[in-house]
Amino acid sequence: MLDKSFDPQSAEARLYEAWEKSGAFEPSGEGDPFTIVIPPPNVTGSLHMGHALNNTLQDVLCRFERMRGRSVLWQPGMDHAGIATQMVVERQMMERQEPKRTAIGREKFVEKVWAWKEESGGAIITQLKRLGASCDWSRERFTMDEGLSEAVKKVFVQLYREGFIYRDKRLVNWDPKFLTAISDLEVENTEVDGHFWHFKYPLENGETYEFPIAYDEEGNPTEWETRDYISIATTRPETMLGDGAVAVHPSDKRYAPIVGKKCLLPLADRYIPIITDDYPDPDFGSGAVKITGAHDFNDYKVAVRNDIKLYVLMDEHARMRDDDYIPEKYRGLDRFEARKLVVEDIDARGLLIKVEDKKIMQPFGDRSGVVIEPMLTDQWYVDAERLAKKAIEAVEDGETRFVPENWTKTYFQWMRNIEPWCVSRQLWWGHQIPAWYGPDGHVFVAETEDEAFKQAVIKYTEEGYTLEDIDAMARGEGEGPLLVRDEDVLDTWFSSALWPFSTLGWPDETPQLKLHYPTSVLVTAFDIIFFWVARMMMMGTHFMKKAPFSDVYIHALVLDEKGQKMSKSKGNVIDPLTLIDKYGADALRFTLAAMAAQGRNIRLSEARVEGYRNFGTKLWNAARFCEMNECAFDPAFDPASVNETLNQWIIHEAGKAAAETTAALETYRFNDAAGALYKFVWNVFCDWHVELAKPILMGEDGPAKDETRKTTAFVLSGVLRLLHPFMPFITEELWKSYGDGKSMLVEAEWPHMPDASVKKSGGLSIKGAPIEAAYAKSAEEIDWLIGLITAVRSARAEMNVPAGAKIPFVAVNAGPEVSLRLDAYGDLISRLVRIDGIHNAETAPKGAVQIVHEGRVFALPLADIIDIAAEKARLSKEIEKCEKEIDGIDKKLANKNFVERAPAEIVEENRERRVAFTERKEKLAAALKQISEG
RNA sequence: GGGCGCAUAGCUCAGUGGUAGAGCGCCACCUUGACACGGUGGAGGCCCGUAGUUCGAUCCUACGUGCGCCCACCA
């Protein structure tokens with residue numbers, strides 16, 4: 001006996017364990033492989049709503065395809081998340097008042113991180129299981145595990161040999177908190193309130209020139225002033241100490257007299273040239289730009305073009321360096337302190353023209369939150385532009401498809417303008433770069449130190465060193481050890497870029513790799529297209545010669561009810577685990593799927609989750625009803641050979657729902673699939689089938705009752721299958737009573753009976769013909785019945801007939817077909833609309849409420865209860881509705897163009913509707929007349 | 001400066017070239033033997049504006065208005 005309601009708290013863990021134990025999550029069978037690699041969550045991560053959505057959708061697809069007989073691999077794993085993890089462990093060490101990272105050294109620290117990972121890492125895996133994720137956990141991988149590390153090394157070395165990876169000294173985004181370079185993508189540009197300081201740089205030797213200060217209407221100067229300085233403006237005054245030049249546009253006549261001369265760089269007391277370059281915009285600011293090549297990306301380009309000296313001003317912490325070109329008083333100061341002081345000093349010298357308030361775009365580290373400093377450093381780069389070529393082609397050629405397809409544009413736009421990818425990070429946690437330096441700085445890139453050493457031996461032998469010399473070097477004698485390994489690690493995304501093939505065993509040619517690459521679909525949010533999708537595309541097309549996935553399904557972001565991004569600082573985070581605790585995983589999953597319409601963000605509200613929890617309860621109670629009425633699943637039951645109209649109808653409806661769900665899932669329309677099931681279960685199966693079946697099920701035993709029991713159980717079991725991808729727990733639990741008794745639902749087959757030819761669509765069919773046709777007549781009959789019941793109920797309610805009162809019911813001039821139907825369904829109608837039997841009459845009795853349903857009149861003689869005014873109002877309203885419809889149709893039909901040019905079937909349909917509405921209107925009018933006279 | 005998206009019921013959102021839908025909320029009635037996490041009935045919509053295409057536009061096109069997001073080096 002089923003409990004009164006489903007208790008997710010107690011059932012979920014038990015069911016999940018049973019699934020895992022059964023091996024259902026592992027790929028099996030001979031079916032077409034279906035493969036998804038999970039977007040690996042950070043090892044430091046915990047489940048947020050974005051994960052919940054992302055993994056729900058993946059799980060829906062995996063469970064769906066698994067039931068359809070495909071050999072499904074959902075490859076799980078985690079990302080080592082370089083910066084995030086190092087940060088967490090360092091923080092923990094600080095809290096425990098342990099010595100700092102730098103004090104214990106690299107090796108010890110990395111050991112500590114591994115220990116942390118074993119102890120507290122990967123909480124998210126348990127949380128994914130709570131969500132019901134059907135990953136093949138036996139294949140769980142980690143981006144730092146041995147196999148994946150091998151893959152990373154191999155990729156790095158090969159890309160280096162092919163010239164895709166190189167080392168370069170150039171300006172990078174430097175994070176002064178984490179003391180590492182980061183890539184462009186890890187920088188968040190945010191608009192902040194800043195200032196725009198205008199300084200005077202005096203000309204050398206007191207030179208002067210005439211600077212126009214007023215113009216006529218044609219733009220010719222009319223007034224000049226004599227200047228002995230050039231005016232520059234900056235948002236970062238402290239960088240002036242590193243200026244190498246002042247640049248003006250070559251066409252800027254105002255400055256023509258002083259181009260080529262020098263000006264004094266105040267405070268630093270150096271003289272710097274005034275040059276021309278296309279970069280300055282004459283209309284912006286003063287039109288003259290100070291060039292700080294070592295601390296600004298634009299200036300850097302100008303400096304390189306014009307051979308301007310670069311002055312590195314800051315150290316790794318963004319503090320002013322101890323260098324002779326920096327005045328002593330600024331050395332050691334933080335950049336913001338230096339800024340203040342520079343402004344004061346400039347002002348003191350009378351060189352501060354003005355300060356404006358200005359909104360400026362400031363770069364912040366996405367993890368550290370501190371202002372990023374452009375820094376001149378040596379880093380490793382990937383030539384992304386070249387690697388992107390094939391990745392672009394794969395999408396152009398349709399090898400990989402974005403769903404919704406408008407993301408294709410975003411992808412192209414970024415890929416076609418891609419910058420070199422800085423892949424080195426000055427961290428300890430990550431894949432250490434497999435590069436070694438010789439005593440002369442020469443770099444040897446190899447998968448192992450031995451291999452690097454061999455390369456070194458060859459090189460230095462060629463250069464004339466003897467083996468003894470090299471030996472001595474290697475022993476650390478003379479100038480030091482022969483080879484020193486590069487200290488840096490790779491960007492975390494470098495290893496995640498290999499995820500679709502490294503997790504399958506690459507570089508080994510494993511059977512899994514052969515079967516499951518390329519993967520079927522990647523499910524992810526748009527904010528990760530550049531970070532991850534693009535890079536997997538590059539690595540996949542390069543190393544596997546095939547794009548890593550056929551489809552990329554981009555889903556929405558989950559926002560709060562007000563459409564705000566959820567964030568800890570805003571305090572509007574909804575924790576999926578809290579919702580799971582409260583409403584069950586099924587409710588949360590169904591909500592997310594139902595709201596996952598393509599191309600739109602999801603505003604999650606708890607009320608919605610509650611609503612879908614109620615839906616689960618509804619399903620549960622429908623099952624309880626079946627149980628009470630002994631509707632047992634019969635494996636021999638053949639839906640194609642039922643006789644009862646009601647049963648034919650519900651099988652017909654179930655077939656439609658199955659086809660709809662299947663088609664929606666095949667095209668990633670999760671919300672349509674969920675919606676179709678919701679409607680079928682609640683508004684068709686529960687509201688009508690169960691109600692209409694009650695008299696039969698509670699009536700006398702016989703073939704009809706037997707068939708209805710079996711049909712009901714059959715439909716319920718079909719519903720459980722269809723719903724399982726969305727609500728795996730409750731359906732699995734009910735499957736124990738309504739399954740095939742052989743296996744768990746997770747391994748059951750997707751509904752596709754009884755003809756194999758319709759397997760693909762998921763629809764039902766009978767003897768090759770779609771069930772829609774075979775059972776169409778029954779469907780029509782039950783639909784008529786439902787319409788009649790609804791109409792009578794509506795009239796009753798509007799006439800304020802007490803809900804409990806049993807009233808007479810008269811079929812007026814029914815005709816043979818309706819009479820037959822009334823005979824068949826009389827008891828049902830009596831029961832569902834509370835009438836005391838069905839009577840026949842030639843004309844409607846006086847003082848009766850009249851209902852027009854599909855061309856026939858039915859009357860409720862309410863005698864003294866009837867409120868004539870109310871009935872008049874009701875009829876008038878109905879008549880008005882008909883008239884409105886008829887008017888609309890008449891307008892159309894009167895339009896020659898419509899009749900001539902609209903498709904014939906549309907015109908015909910309108911004619912038919914006109915007839916129907918006219919007939920209805922006439923009957924209603926007659927009723928109105930009668931009641932008015934009565 | 002480029003690119004993308006959204007404006008439909010009180011709220012949150014589906015949807016379609018011909019008859020506008022859901023969830024929640026609201027109103028009335030109902031402890032009917034699956035279910036009050038329920039049932040029955042109901043109210044509620046110039047489908048943002050303007051112009052165009054079309055026999056016909058909430059849907060397609062253009063423009064406008066408002067809002068949101070992504071990318072981009074204006075010192």
Side-chain angles (χ1 to χ4, degrees), chain A residues 2 4-5 184 189 196 232-236 239 247 279-281 283-292 296-302 360-361 363 374 404 406-407 409-410 412-414 417 526-527 529-530 557 559 561-563 565 583 587 591 594-595 597 599-608 610-629 671-672 675 678-679 683 686-687 690-691 694 698 789-790 793-798 800-804 831-834 885 888-889 891-892 895-903 906-907 909-910 913:
Chain A
L2 290 172
K4 193 150 186 203
S5 67
D184 299 344
N189 290 298
F196 205 31
I232 61 93
T234 179
T235 56
R236 303 196 49 199
T239 63
Y279 166 62
D281 173 1
D283 296 326
F284 185 83
S286 68
V289 184
K290 64 194 259 313
I291 301 301
T292 320
D296 183 281
F297 286 97
N298 288 311
D299 293 5
Y300 180 73
K301 285 183 197 161
V302 178
I360 53 172
M361 292 296 273
N406 52 306
W407 291 108
K409 248 188 184 168
T410 308
F412 281 146
Q413 200 194 333
W414 192 71
N417 298 296
F526 70 82
D527 55 348
I529 291 180
F530 306 141
L557 251 38
L559 309 173
E561 281 174 284
K562 292 173 199 139
K565 258 190 183 176
Y583 301 106
T591 308
M595 297 186 80
R600 196 161 179 151
N601 289 336
I602 295 178
R603 296 194 198 184
L604 191 74
S605 75
E606 192 171 323
R608 202 70 190 253
E610 191 183 346
Y612 289 120
R613 185 273 319 265
N614 296 351
F615 173 63
T617 307
K618 187 77 182 173
L619 174 73
W620 184 265
N621 278 296
R624 284 214 320 152
F625 170 83
C626 292
E627 186 179 50
M628 287 174 188
N629 289 284
N671 57 319
D672 287 339
Y678 185 93
K679 274 192 188 136
N683 304 120
C686 291
D687 285 353
V690 165
E691 293 306 323
K694 274 177 184 173
M698 291 165 187
I789 290 170
T790 307
R793 278 174 171 170
S794 175
R796 269 187 73 122
E798 279 190 58
N800 296 313
V801 176
R831 178 193 164 85
L832 291 177
V833 296
R834 304 222 148 207
E885 289 288 337
I889 297 170
K891 253 183 217 161
K892 276 187 195 172
N895 182 345
K896 242 197 215 162
N897 283 325
F898 173 71
V899 181
E900 279 166 19
R901 304 171 97 149
I906 295 286
V907 177
E909 195 185 303
N910 275 278
R913 287 186 64 221

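Letters A, B, ... are given to chains in the order of the sequence lines, protein chains preceding strands, and every chain is numbered from 1. Small disclaimer: the values here were computed from a predicted structure and weren't measured.
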Dot-bracket for RNA chain B: what is it, with Watson-Crick or G-U pairs under 3.5 Å, [ ] where a pair crosses earlier ones, and | for a pair to another strand? (((((((..((((....[..)))).(((((.......))))).....(((((..]....))))))))))))....
More 5' along RNA chain B: A:K4 or A:F530, using each one's nearest nucleotide? A:K4
Could you tell me whether A:T410 contacts a base, only the sugar-phosphate backbone, or nothing, with contacts defined as non-hydrogen atoms closer than 4.0 Å? nothing
For A:C626, answer base if it contacts any base atom (sugar-phosphate contacts may also be present), sugar-phosphate if it contacts only those atoms, and nothing otherwise; contact means non-hydrogen atoms under 4.0 Å. nothing
Ignoring hydrogens and angles, does a donor from either the side chain of A:E691 or the base of B:A34 sit under 3.5 Å from an acceptor on the other? yes
What are the atom names and distances for every N/O pair under 3.5 Å that joins the protein to nucleotides 72-75 of chain B?
| residue | atom | partner | partner atom | Å |
| --- | --- | --- | --- | --- |
| B:C73 | O2' | A:N298 | ND2 | 2.7 |
| B:C73 | N1 | A:N298 | OD1 | 3.0 |
| B:C73 | O2 | A:N298 | OD1 | 2.5 |
| B:C73 | O2 | A:N298 | ND2 | 3.1 |
| B:A75 | O2' | A:A233 | O | 3.2 |
| B:A75 | N6 | A:D281 | O | 2.8 |
| B:A75 | N6 | A:F284 | O | 2.3 |
| B:A75 | N1 | A:D281 | N | 3.0 |

Restricting both atoms to N or O, compile the protein contacts to nucleotides 59-63 of chain B shorter than 3.5 Å, with distance only.
none

Answer with base, sugar-phosphate or nothing: what part of the nucleic acid does A:R793 contact at a heavy-atom distance below 4.0 Å? sugar-phosphate
Is the distance between the ring centroids of A:Y612 and A:Y583 less than 6.0 Å? no
Go through the N and O atoms of the side chain of A:K618 and the base of B:C35, and report whether any donor-acceptor pair is under 3.5 Å. yes
Short N-O contact, A:E691 and A:K694, less than 4.0 angstrom: yes
Nearest heavy-atom pair of A:T617 and A:S5: which atoms, and what distance? CG2-CB, 4.4 Å
A:R834 CZ - B:U40 C1' separation (whole Å): 11 Å
Does A:R608 get its side chain close enough to the base of B:C24, under 3.5 Å, for a donor-acceptor pair? no
Which part of the nucleic acid does A:K694 contact within heavy-atom distance under 4.0 Å: base, sugar-phosphate only, or nothing? base
Checking all strands, does A:R831 fall into the base, sugar-phosphate, or nothing category for heavy-atom contacts under 4.0 angstrom? nothing
Which residue lies more 5' along RNA chain B, comparing A:V899 with A:E610 via nearest heavy atoms: A:E610
Check every strand shown and say whether A:E909 touches a base, only sugar-phosphate, or nothing at a heavy-atom separation below 4.0 Å. base
